[in-house]
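Heads up: the structure comes next, in structure tokens.
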Protein chains: 2
Amino acid sequence: MQEIKKYVEDNKQRFLDELFELLRFPSVSADPKYKGDVLKTAAFVAEKLKEAGADKVEICETAGYPIIYGEKIIDAALPTVLIYGHYDVQPADPLELWHTPPFEPTVRDGKIYARGACDDKGQFYMHVKAFELMMKTNTLACNVKFMIEGEEEVGSSNLGVFVKANTERLKADVVLISDTSMISMENPSIETGLRGLAYMEVEVTGPNRDLHSGVYGGAVANPITILCKMIASLHDENNHITIPAFYDKVVDLTADEKAALNSAPFDLNDYKKDLDINAEWGEKGYSTLERTGTRPTLEVNGIWGGYIGEGAKTVLPSKASAKISMRLVPHQSSDEISAIFQQHFESIAPDFVKVKVTAHHGGEPVVTPTDSIAYRAAEKAILTSFGKKPIPTRGGGSIPIVALFEDVLGIKSVLLGFGLDSDALHSPNEKYDIFNYYKGIETLPLFHKYFAELSK
Amino acid sequence: MQEIKKYVEDNKQRFLDELFELLRFPSVSADPKYKGDVLKTAAFVAEKLKEAGADKVEICETAGYPIIYGEKIIDAALPTVLIYGHYDVQPADPLELWHTPPFEPTVRDGKIYARGACDDKGQFYMHVKAFELMMKTNTLACNVKFMIEGEEEVGSSNLGVFVKANTERLKADVVLISDTSMISMENPSIETGLRGLAYMEVEVTGPNRDLHSGVYGGAVANPITILCKMIASLHDENNHITIPAFYDKVVDLTADEKAALNSAPFDLNDYKKDLDINAEWGEKGYSTLERTGTRPTLEVNGIWGGYIGEGAKTVLPSKASAKISMRLVPHQSSDEISAIFQQHFESIAPDFVKVKVTAHHGGEPVVTPTDSIAYRAAEKAILTSFGKKPIPTRGGGSIPIVALFEDVLGIKSVLLGFGLDSDALHSPNEKYDIFNYYKGIETLPLFHKYFAELSK
């Protein structure tokens with residue numbers, strides 16, 4: 001532990017400078033106009049892996065953005081850890097809400113503000129630096145494989161193909177991922193569940209052209225009004241989702257699971273204060289932690305139609321659209337829920353409009369074991385570096401890749417994340433605490449050490 | 001009549017060229033970035049009025065865009081016609097739906113395609129050319145005053161001030177306006193009623209920042225969902241507006257008025273075919289002509305919130321907004337309806353969001369007399385040039401200025417429009433038939449002639 005702390009101490013500034021370099025690339029995978037930047041980011045990641053001491057580093061081409069692979073096999077007899085991360089980031093808009101430019105990392109009271117600071121550049125890069133540390137201090141106790149992709153924020157659509165084509169190369173005993181959050185540095189935690197995702201786009205068409213709302217208003221269905229009525233009908237008065245069969249496969253937690261989940265430190269007043277809301281919202285009969293961790297949800301991620309510029313335009317638009325995504329819990333399937341949604345949404349469309357429903361990427365829900373060697377190694381690593389046993393939690397987010405690994409490679413994952421819910425992932429002013437960054441670099445070598453020991 | 005036809009025939013091409021010049025100015029009053037173009041348009045209009053023979057032409061400055069004034073007083077004993085029009089146009093977006101550029105007028109099978117072709121450049125410019133014709137042929141039978149403004153599409157907010165300050169200069173016996181439509185060239189008509197307008201913008205705020213829909217979804221109110229539920233609640237199952245007191249001052253038509261209104265040639269199947277809709281929509285118990293001409297309506301003109309770019313972003317947004325306008329019928333007041341809308345919309349906002357309601361421009365509803373000398377002159381002018389007596393109709397649109405004239409100047413208006421409902425006002429590919437343009441130039445001198453004769 002002392003050796004680790006010393007190495008981090010001696011290289012503090014460089015570790016930060018390198019992360020800043022990485023954060024300056026606007027690697028937005030959702031927007032084609034950043035293609036060149038995303039590719040530059042991939043090259044940068046490969047370069048850094050090589051410098052850290054990885055062998056067989058390769059920029060693996062795919063139908064989309066490349067996947068960076070690298071490995072260090074020290075002894076075939078030792079267990080192997082496959083490290084997954086992603087170098088792409090969410091779009092930065094709405095830009096005007098950022099206090100400092102999203103792609104010019106800025107430090108304010110100990111926090112790094114930048115798009116991707118936490119999700120996932122700041123977190124996967126801890127693994128690159130922890131690997132460098134273990135190489136330089138000759139403390140690497142496991143074989144290590146890196147797989148850093150560039151399409152996580154758009155559904156990892158090409159990763160599945162890559163994994164299926166590289167089962168041999170990716171052989172490992174555990175997948176280690178840092179792309180999740182802890183409750184707090186005082187209450188370290190490990191996520192043991194992730195929700196799946198079904199992401200749909202709907203388009204409602206009324207008249208074949210935009211109309212003058214004075215000449216036609218009141219006599220022709222307004223697609224915005226109709227879309228609003230359709231969206232409004234998707235939740236009932238208890239905020240229960242009204243889509244038939246939506247909950248059929250959802251299993252309620254046992255009393256014990258509920259108790260364990262709700263034992264996590266959580267203060268609803270702080271939560272409301274942080275978000276500046278007067279009242280929380282959600283499915284009747286469930287606590288906030290149950291709603292975000294264990295229940296499926298339906299959220300409208302975007303809506304647009306008609307005139308949205310300055311001033312007033314008296315138009316009755318031809319079309320209105322929305323992006324609607326659903327978070328899924330164990331036993332729900334992304335394809336099945338997408339199909340159920342489409343069928344339902346088309347079924348509630350009235351005569352006077354046409355509806356088009358298309359599916360974006362999806363992902364399957366997963367629950368990771370808490371009784372595995374890998375989980376116990378993670379638990380012990382955190383206990384050592386934080387001085388506290390981590391609380392197992394259920395996160396609301398989705399990392400589709402976790403389910404993919406189980407299916408294709410038959411490997412379970414450990415979600416050893418060092419972020420915080422307040423890091424504003426996917427929001428303006430995303431941040432990552434410098435403290436957490438270094439803390440992660442210190443903790444990860446311990447995981448490898450204990451994983452090797454416990455595997456004996 | 002022969003003399004008129006000959007003059008139009010001899011100047012056909014020039015009349016068209018001048019209109020095209022006028023249409024090439026992108027005089028979008030709603031968007032500040034066109035300020036320079038709007039001002040150039042004003043100068044062009046003033047220049048053309050001078051060339052046509054108007055005296056005292058002046059570009060009258062206002063707090064907003066200037067008003068062009070010009071006059072020709074031939075004999076104080078003769079009646080005076082005040083011609084009103086506007087040189088500003090609606091925004092052209094969505095641009096991608098235009099078949100040819102909105103500000104490069106293009107002729108396709110006898111129709112001029114351009115923003116403002118009909119509303120209102122093509123229509124007010126007929127008056128300028130008709131005036132030139134009467135001057136050049138020494139047939140001007142009345143005194144004429146022109147008042148062409150540049151803020152009609154944004155609520156004529158400064159025209160009221162101008163009119164109040166210029167009651168002497170604007171003294172007249174009738175206001176003549178061509179900014180409305182006819183049923184068809186085979187069924188000429190004159191609009192005798194206009195609806196008022198109340199135009200609101202609403203903003204619903206949930207959490208104080210955009211959130212990750214996985215981490216917070218299901219536990220925090222989504223402002224888009226809430227806005228949709230609020231908008232959905234504004235119409236009941238009979239498409240009746242649910243705002244308390246909204247209909248209090250609305251007077252139903254008498255059986256005779258209903259009969260007269262519905263006697264206008266109208267084919268619901270053609271209407272649906274033209275708009276490519278399977279079913280019409282509207283307030284239960286009223287015909288389409290009643291819904292657009294005589295009933296107040298509420299339409300969502302625009303809605304936006306969350307991520308509306310390419311691809312998928314899993315965000316639970318902080319805000320969602322909409323532009324909502326209401327068309328008003330006689331006895332309803334724009335300010336009063338704006339106030340009850342705001343009160344109602346705020347009252348239906350649930351705890352877990354904050355709502356902001358602001359009012360854009362409004363306008364009062366009017367009904368123009370069908371028994372006045374001016375109306376009879378218009379009727380006779382159309383009978384002469386079309387060979388058919390015009391049908392009095394009730395239009396759904398709003399020209400706030402008409403009510404203003406009655407209040408401040410005590411002058412009634414005649415709405416002698418030559419457009420068609422199919423002209424796609426406020427829509428992509430707005431057009432105006434060349435035939436209607438020339439027909440208007442031929443008909444307007446007859447109005448002046450008969451107005452002078454009937455006034456004797």
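Note that these values count all heavy atoms, side chains included, but never hydrogens, waters or copies made by symmetry. To find a chain, count down the sequence lines: A is the first, B the second, and so on, and within it residues start at 1.
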Give a yes or no on whether the backbone of B:Val315 and the side-chain of A:Glu299 come within a donor-acceptor separation of less than 3.5 Å.
->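 Not confirmed, A:Glu299 side chain does not pair with B:Val315 backbone.
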
Would you say the side-chain atoms of A:Asn301 pair up with the backbone N or O of B:Thr314, donor to acceptor, closer than 3.5 Å?
->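 Flag not set: sc A:Asn301 to bb B:Thr314 has no pair under 3.5 Å.
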
[X] portion near chain B, given a 4.5 angstrom heavy-atom threshold:
{"X": "A:Arg295", "result": "neither"}
{"X": "A:Lys354", "result": "side chain"}
{"X": "A:Tyr199", "result": "side chain"}
{"X": "A:Asp93", "result": "both"}
{"X": "A:Glu153", "result": "backbone"}
{"X": "A:Thr297", "result": "side chain"}
{"X": "A:Asp274", "result": "both"}

Using non-hydrogen atoms only, which part of B:Ile308 is less than 4.5 Å away from chain A: side chain, backbone, both, or neither?
->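 The answer is both parts of B:Ile308.
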
Residue B:Ile324 versus chain A: region with a heavy atom under 4.5 Å =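 Contact with chain A: none, neither part.
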
I'd like to verify something: which residue of [options] has the highest number of heavy-atom pairs under 4.5 Å with chain B?
{"options": "A:Ile241, A:Asn239, A:Asn208", "result": "A:Asn208"}
{"options": "A:Trp281, A:Trp304, A:Tyr286", "result": "A:Trp281"}
{"options": "A:Ala279, A:Gly306, A:Ala322, A:Gly282", "result": "A:Ala279"}
{"options": "A:Ala30, A:Ser325, A:Pro91", "result": "A:Pro91"}
{"options": "A:Leu211, A:Val154, A:Leu298, A:Thr288", "result": "A:Leu211"}
{"options": "A:Glu283, A:His235, A:Met230", "result": "A:His235"}

So, do A:Cys228 and B:Ile303 sit near enough that their side-chain heavy atoms are less than 4.5 Å apart?
->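 A:Cys228 vs B:Ile303: side chains touch.
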
If you count heavy-atom pairs under 4.5 Å between each of B:Glu310, B:Lys272, B:His360 and chain A, which one has the most?
->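 Highest number of pairs under 4.5 Å: B:His360.
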
Looking at B:Asp119, B:Ile277, B:Asn222, B:Asp31, which has the largest count of heavy-atom pairs under 4.5 Å with chain A?
->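 Highest number of pairs under 4.5 Å: B:Asn222.
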
For [X] and [Y], which heavy atoms make the closest approach, and how far apart are they?
{"X": "B:Ala312", "Y": "A:His361", "value": "CB-CE1, 3.6 Å"}
{"X": "B:Arg195", "Y": "A:Gly217", "value": "NH2-O, 3.6 Å"}
{"X": "B:Thr292", "Y": "A:Ala219", "value": "CG2-CB, 3.5 Å"}

Would you compute the distance between atom [atom1] of [X] and atom [atom2] of [Y] and round it to the nearest 0.5 angstrom?
{"X": "A:Asp210", "Y": "B:Asn429", "atom1": "CG", "atom2": "CG", "value": "10.5 Å"}
{"X": "B:Glu430", "Y": "A:Arg209", "atom1": "CD", "atom2": "CZ", "value": "12.0 Å"}
{"X": "B:Asp276", "Y": "A:Ser318", "atom1": "CG", "atom2": "OG", "value": "9.0 Å"}
{"X": "A:Asn278", "Y": "B:Asp351", "atom1": "CG", "atom2": "CG", "value": "6.5 Å"}

Would you mind listing every salt bridge (Lys or Arg N to Asp or Glu O under 4.0 Å) that reaches into residues 313-323 of chain A, with sequence neighbours excluded?
->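 Sorted pair list: A:Glu201-A:Lys323, A:Glu203-A:Lys319.
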
